[in-house]
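Note that these values count all heavy atoms, side chains included, but never hydrogens, waters or copies made by symmetry.
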Amino acid sequence: MIDLHFGSITGLTVAEEKQLHALAEVFNYHQPYNDTKDKYYEGHITLNDVNIGIALPGGIKKLEVGCNWGQKTVDVLAARSMFDGFVGKNTEALTQLVADNRLIAEYSKACRDELKYGCVFATLYADDAIGCRIRFHSPATAAALWNGEKGRIDCGLAIIDTVPDEQFKGRWVPHLVNLYTDDAVIVLERVQGQWTATRHAHRMGRPLMEPLIWNATSDKPFGRSRLKKAIRALIDDYVRIVANATVALEFDTTPQKYLLGVTDEQYDVLMNDKFKTYVGSLLTATSNPETGENPEFGQLAQGSLAPHVEKMRMTATQFAAATGLTVTDVGVINDANPTSSDAILAQSQTLVLMAQQLNTGNGDALRTIAQMAQAIARSVTLDELTEEERDVVAHFKNPAMPSVAVTADAAIKIATARQEFASTDTFLEMIGFDQADILRIKAQEQRVRGQKTLLEVENEDNGDGLGGVHPAAGEAE
């Protein structure tokens, strides 16, 4: 856990110092909630967190029950948001920035953090090597204040580097922090317990920080997590059910037996080695000389796991309904599950709609990031960008993930109506080729065209009247 505290810092204005302390307060306030979301995402939930104190014994309160529902809630939706770069009239420079920043791969990681916490922050800064460096920060290492009037971030901070706390083991303290304001990126460095500020002015007119937000509302402009309280309660319920079922299974494995009418000596022998008596294939006992009765052996009826299984299925169905996942995603298999592709697609329709909503919001943020990145790379303001640089759109793959047969059939039908479409990269993508295959196909096609052209030139050179010397008519050869 990171504690963020600042004293008086030389080099900051009064307004900037006020913003910094407000950001630190916001950051520290949300850290316990972020730790809880991390805990449920990683599945580190103990019985002590969910035990209601009736059926589960206190001796197993530290037992962890494996549950990946939290991770499934985030990852399954994030996997359907597939950023594929930017499109526009002329995006060569922007495509190079995307490649240099590994933006497609970084987006996949940022999207998981966005769904886990509710938002994620992209920061930008000038870089001599590639023009502009783009970096993502989760709320575990960043914070921002929202400006409702301008509809964007008012200011923000990001922890760039931390060091171990010298006083408390397991705690970390920030060493390098960036403060983002409308006219500067201020680098704060902690040296021997004192903070120093280095100012890097810019002309963007807004902080070089842009949030990617999931499920925002008017009162929660930075969004809401997929692992909200109602979802965590269902995960707690599942963990409790599995623990109860585990305890019940232990009793079913060693059912309760009883032996009545034994002597004191027989009782002592049985109690001294219970396990040997349980697993022994033969149990013998003489009659009780005091009562004259023969010992009576019996076994209590075993419990059933059926109620636990039914409760688990009910909880899983509720969880699937609350998150938009299919019941198959949460591990419920029964005869009612659909088998046809159409039925499976219908079940995942809610998730597809969520992915489209996610792509719409993130597409707007990525467009703003792309514009700022181009402006930083060229050392201009947003107003000085060309029309081609402003008119860029983030492209995402189809979140419905249709089969290759479906997309290939659609591509062929489109190519029938628009013959030029068959020569585009989009056509090759729709019939199932990825970018690596497309590059290989185009390179090999170009090589074949070159060989064909060379062969035609050679044939022409060897033809009549085109470079060959031939005898005149009637002249002996």
Side-chain angles (χ1 to χ4, degrees), residues 1-34 117-127 132-163 165-167 171-211 213 216 218-223 365 368-369 372 375-376 379-383:
M1 185 173 178
I2 300 175
D3 291 327
L4 194 58
H5 299 285
F6 298 98
S8 179
I9 303 176
T10 304
L12 295 181
T13 65
V14 175
E16 290 169 346
E17 192 165 346
K18 183 178 180 180
Q19 288 178 330
L20 180 62
H21 285 91
L23 288 166
E25 184 178 350
V26 169
F27 177 85
N28 292 329
Y29 173 80
H30 284 94
Q31 286 315 293
Y33 300 99
N34 292 335
Y117 299 109
C119 66
V120 71
F121 302 99
T123 60
L124 304 91
Y125 59 93
D127 186 280
C132 178
R133 183 74 64 181
I134 304 172
R135 188 172 177 180
F136 291 99
H137 306 269
S138 76
T141 58
L145 299 178
W146 185 259
N147 189 318
E149 179 184 357
K150 298 178 181 178
R152 60 166 174 80
I153 287 178
D154 187 56
C155 60
L157 66 79
I159 299 174
I160 307 302
D161 192 20
T162 59
V163 295
D165 196 329
E166 298 177 355
Q167 298 179 351
R171 295 176 62 178
W172 296 75
V173 294
H175 169 65
L176 199 64
V177 177
N178 285 355
L179 174 63
Y180 300 91
T181 65
D182 286 347
D183 56 7
V185 176
I186 304 172
V187 179
L188 308 174
E189 187 174 6
R190 188 171 183 266
V191 180
Q192 296 180 350
Q194 298 294 325
W195 288 96
T196 59
T198 304
R199 183 181 301 272
H200 300 273
H202 61 75
R203 299 187 298 152
M204 198 64 62
R206 54 155 297 163
L208 302 183
M209 190 178 196
E210 178 69 15
I213 304 170
S218 56
D219 61 332
K220 291 183 179 292
F222 286 114
T368 301
I369 292 170
M372 288 198 295
I376 292 172
S379 299
V380 298
T381 65
L382 289 174
D383 295 334

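Counting heavy atoms from C-beta outward, T123 and I134 have side chains that stay 4.5 Å or more apart. Two residues are said to be in side-chain contact when any heavy atoms from C-beta on lie closer than 4.5 Å; E189 and T196 meet this criterion. Between F27 and P174, every side-chain heavy-atom pair lies at or beyond the 4.5 Å cut-off. With a 4.5 Å cut-off on side-chain heavy atoms, C132 and D127 do not count as touching. Here the side chains of Y180 and F121 are not in contact, with every heavy-atom distance at 4.5 Å or above. Counting heavy atoms from C-beta outward, L382 and M204 have side chains that approach closer than 4.5 Å. Between L20 and E16, every side-chain heavy-atom pair lies at or beyond the 4.5 Å cut-off. Between I153 and P211, some side-chain heavy-atom pair lies under the 4.5 Å cut-off.
D183 and T181 form a side-chain donor-acceptor contact under 3.5 Å, judged by distance and modelled atom types alone.
Just one of I376, L208, L124, D182 meets the side-chain contact (heavy atoms from CB on, under 4.5 Å) condition when paired with H202; it is L208. Screening I160, V120, L157, N178 for a side-chain contact (heavy atoms from CB on, under 4.5 Å) with H137, the sole residue that qualifies is I160.
In terms of heavy-atom proximity, P207 sits nearest to M372 at O-SD, 4.1 Å. The shortest heavy-atom contact between N34 and P139 is ND2-O, 3.4 Å. Across all non-hydrogen atoms, the minimal contact from I9 to A197 is CG2-CB, 4.0 Å. Residues A140 and Y117 share a closest heavy-atom pair of CB-OH, 4.0 Å. Between P221 and A216, the closest heavy-atom pair is O-CB, 3.8 Å.
The CD atom of Q31 sits 8.5 Å away from the OG1 atom of T141 when rounded to the nearest 0.5 Å. Between the CG atom of L23 and the NZ atom of K18 there is a distance of 12.5 Å, given to the nearest 0.5 Å. Here T368 contributes atom OG1 and E210 contributes atom CD; the two are 4.5 Å apart, rounded to the nearest 0.5 Å. From E25, atom CD reaches atom CG of L4 across 11.5 Å, with rounding to the nearest 0.5 Å. In this structure, CZ on F222 lies 9.5 Å from NE2 on H30, to the nearest 0.5 angstrom.
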*Which is it for R203 and D383 under the side chain to side chain contact (heavy atoms under 4.5 Å, CB included) test, yes or no, and what are the steps along the way?*
CA-CA 10 Å; R203 299 187 298 152; D383 295 334; over 6 Å; no
*Start with the C-alpha gap between L179 and V187, add the side-chain angles, then the distance that decides, and say whether side chain to side chain contact (heavy atoms under 4.5 Å, CB included) holds.*
CA-CA 6 Å; L179 174 63; V187 179; over 6 Å; no
Enumerate donor-acceptor pairs with a distance under 3.5 Å from any side-chain N or O in residues 142-149 to protein atoms, sequence neighbours excluded.
from: N147; atom 1: OD1; to: E149; atom 2: N; distance (Å): 3.0
from: N147; atom 1: OD1; to: K150; atom 2: N; distance (Å): 3.0
from: N147; atom 1: ND2; to: D154; atom 2: OD1; distance (Å): 3.0

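Not counting sequence neighbours, Y125 has no partner by the ring-ring contact (aromatic ring centres under 6.0 Å, His included) test.
With R190 contributing its side chain and V173 its backbone, the two residues share no donor-acceptor pair below 3.5 Å. Side-chain N or O atoms of H21 include one that pairs as donor or acceptor with a backbone N or O of F6 at under 3.5 Å.
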